[in-house]
Amino acid sequence: GNSVTQMEGPVTLSEEAFLTINCTYTATGYPSLFWYVQYPGEGLQLLLKATKADDKGSNKGFEATYRKETTSFHLEKGSVQVSDSAVYFCALSDSGTYKYIFGTGTRLKVLA
Amino acid sequence: DSGVTQTPKHLITATGQRVTLRCSPRSGDLSVYWYQQSLDQGLQFLIQYYNGEERAKGNILERFSAQQFPDLHSELNLSSLELGDSALYFCASSPRLESTEAFFGQGTRLTVV
């Protein structure tokens, strides 16, 4: 079945450091891919998405490119801020039911 | 604000009890999804409704049930609650069955004591 694998956390970075959170997927067909963010005590917010191969999603300085050849959708940000501290979830939209399949989440902590 | 409203935000109840979680989707959205977020299982899909009909089922326990009403709001009923049911329950909605993007509510945090 479809699945999403994310790098284990927590990830601790200093402010202005470069961020990469790895995400790979297994899926039949061509799913849409998403990154969601969950700030402490809050719900899930869509960070960015990509619906087909080679699409790049971007938002708030975060970027991820849909790589079909490596089945990856890694999240990157050039310079993180303390306010980016949160849990990040990679997800795919199942092409049959359109339900989301989530990775386990990666906790990011950014230190001032 | 995603436009999806979940009530209540927090719920504390005892083992063996029954609770109902409510979700109002975004205006016009026909599809509603329920997810459970727990420490040991992560974020898991429970069930999907579309325009009042059940469309897909995930890892939903038999003690749990859901429905979607004619006004498109949805309720998730959890009965014979156990300590392990303590989790954050999310509702999400999307406009159509084939919509790839869903919008999530803030969740209901259920604590079973």
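Proteins get letters first, then strands, A, B, ... in listed order; numbering begins at 1 in each. Just the heavy atoms: all of them, side chains too, but no hydrogens, waters or symmetry mates, feed the values below.
With a threshold of 4.5 angstrom between heavy atoms, Tyr50(B) does not approach chain A through any atom at all. Contacts between Lys49(A) and chain B at a heavy-atom distance below 4.5 Å involve the side chain alone, from C-beta outward. With a 4.5 angstrom heavy-atom cutoff, Thr104(A) does not touch chain B via any of its atoms. The part of Phe34(A) that comes within reach of chain B is its side chain, from C-beta onward, which places non-hydrogen atoms under 4.5 angstrom from that chain. Of the two parts of Leu44(A), the backbone and the side chain both hold a non-hydrogen atom closer than 4.5 Å to a non-hydrogen atom of chain B. Only the side chain of Gln38(A) comes within contact range of chain B, judged by heavy atoms closer than 4.5 Å.
Val4(A) and Leu46(A) are members of different hydrophobic clusters when ILVMFWY side chains are connected at heavy-atom separations under 4.5 Å. When hydrophobic clusters are built by joining Ile, Leu, Val, Met, Phe, Trp and Tyr residues whose side-chain heavy atoms come closer than 4.5 Å, directly or via intermediates, Val4(B) is not grouped with Trp34(B). Residues Leu111(A) and Tyr39(A) fall into different hydrophobic clusters, defined by Ile, Leu, Val, Met, Phe, Trp and Tyr side chains chained together at heavy-atom separations under 4.5 Å. Linking ILVMFWY residues whenever their side-chain heavy atoms come closer than 4.5 Å, directly or via other members, places Tyr30(A) and Leu92(A) in the same cluster. Residues Leu43(B) and Ile47(B) are members of separate hydrophobic clusters, defined by side-chain heavy-atom contacts under 4.5 angstrom among Ile, Leu, Val, Met, Phe, Trp and Tyr.
The stretch residues 56-77 of chain B places Ala56(B) near chain A, each with some heavy atom under 4.5 Å from a heavy atom of that chain.
Taking OH of Tyr100(A) as the start and CZ of Phe45(B) as the end, the distance is 12.5 Å to the nearest 0.5 Å. With rounding to the nearest 0.5 angstrom, the CZ atom of Phe104(B) is 12.0 Å from the CD atom of Gln45(A).
Your options are Gln44(B), Arg109(B), Gln106(B), and the one with the most heavy-atom pairs under 4.5 Å with chain A is Gln106(B). Across Gln37(B), Arg55(B), Gln48(B), the residue that shares the most heavy-atom pairs under 4.5 angstrom with chain A is Gln37(B).
A 6.0 Å sphere centred on CD of Glu8(A) holds no more than 12 heavy atoms belonging to other residues, nucleotides or ligands. In this structure, Glu69(A) places its CD atom where more than 12 heavy-atom neighbours from other residues, nucleotides or ligands lie under 6.0 Å away. Residue Leu39(B) qualifies as open at atom CG: its count of foreign heavy atoms under 6.0 Å is 12 or below.
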